[in-house]
Amino acid sequence: MNTTDMTFDDVKDVLTKAVAAEAGIPAEELSTDHPFTSYGLDSMAALSVGMEVEDACGLTDLPVDLLWDHPTVDALTAALWELMNAEPVPSTGDGRR
């Protein structure tokens, strides 16, 4: 998938699958509002997730502490979206992102 064609939901899906794989659980069991640490992710797992996200989203040189600064899938998805698009996260129209 071309990263310019990725939607916000595509980015969230990539991230959810990467975190779930590192946590050893099915992606559908991962709660996107729970901290990565609640799934046992450590710094090595964070590096692995970061590399997966870089590859899938066409990003390079993500800050090492990005996952710790944005400690949930929801928060990190918004940060990645803004990095990829240089624009705010799209609103759902109901006040949520």
Side-chain angles (χ1 to χ4, degrees):
M1 173 181 296
N2 183 332
T3 58
T4 59
D5 295 334
M6 292 184 82
T7 66
F8 183 81
D9 288 336
D10 292 335
V11 175
K12 186 173 184 174
D13 186 56
V14 165
L15 185 55
T16 299
K17 288 177 180 174
V19 171
E22 284 299 317
I25 63 171
E28 56 274 359
E29 290 182 16
L30 189 122
S31 295
T32 61
D33 60 346
H34 284 89
F36 299 129
T37 54
S38 70
Y39 293 104
L41 269 66
D42 59 13
S43 58
M44 292 303 291
L47 286 173
S48 180
V49 168
M51 291 187 317
E52 177 72 25
V53 168
E54 282 182 345
D55 289 346
C57 296
L59 299 169
T60 58
D61 300 323
L62 289 175
V64 176
D65 56 356
L66 190 66
L67 270 77
W68 305 118
D69 289 344
H70 306 281
T72 67
V73 168
D74 291 338
L76 186 54
T77 300
L80 290 170
W81 178 262
E82 290 177 9
L83 283 173
M84 291 171 61
N85 296 286
E87 65 183 51
V89 175
S91 174
T92 61
D94 61 3
R96 296 180 306 162
R97 289 185 173 188

Salt bridge (charged side-chain N to carboxylate O under 4.0 Å, His left out) filter on Asp9, not counting sequence neighbours, yields none

| Do Asp42 side-chain atoms and Ala45 backbone N/O form a donor-acceptor pair below 3.5 Å? | yes

Looking only at non-hydrogen atoms, find the nearest pair between [X] and [Y] and report the distance.
X: Val14; Y: Ala56; result: CG1-CB, 3.5 Å
X: Phe8; Y: Trp81; result: N-CZ3, 3.1 Å
X: Ala27; Y: Lys17; result: CB-CG, 4.1 Å
X: Ala18; Y: Val49; result: O-CG2, 3.9 Å

Testing the 3.5 Å rule here: is there a donor-acceptor pair between the side chains of Asp74 and Thr32? yes

query: Are Thr7 and Asp10 close enough that a side-chain donor and a side-chain acceptor fall under 3.5 Å?
result: yes

Side chain to side chain donor-acceptor pair (under 3.5 Å) filter on Ser48, not counting sequence neighbours, yields Glu22

Side chain to side chain donor-acceptor pair (under 3.5 Å) filter on His34, not counting sequence neighbours, yields Ser31

Would you give the length of the straight line joining atom [atom1] of [X] to atom [atom2] of [Y], rounded to the nearest 0.5 angstrom?
X: Glu82; Y: His70; atom1: CD; atom2: NE2; answer: 8.5 Å
X: Leu83; Y: Leu66; atom1: CG; atom2: CG; answer: 6.5 Å
X: Leu15; Y: Phe36; atom1: CG; atom2: CZ; answer: 5.0 Å
X: Ile25; Y: Leu30; atom1: CD1; atom2: CG; answer: 4.5 Å

Is there a side-chain contact between [X] and [Y] (heavy atoms, below 4.5 Å)?
X: Leu62; Y: Leu67; result: no
X: Trp68; Y: Thr37; result: yes
X: Thr16; Y: Thr77; result: no

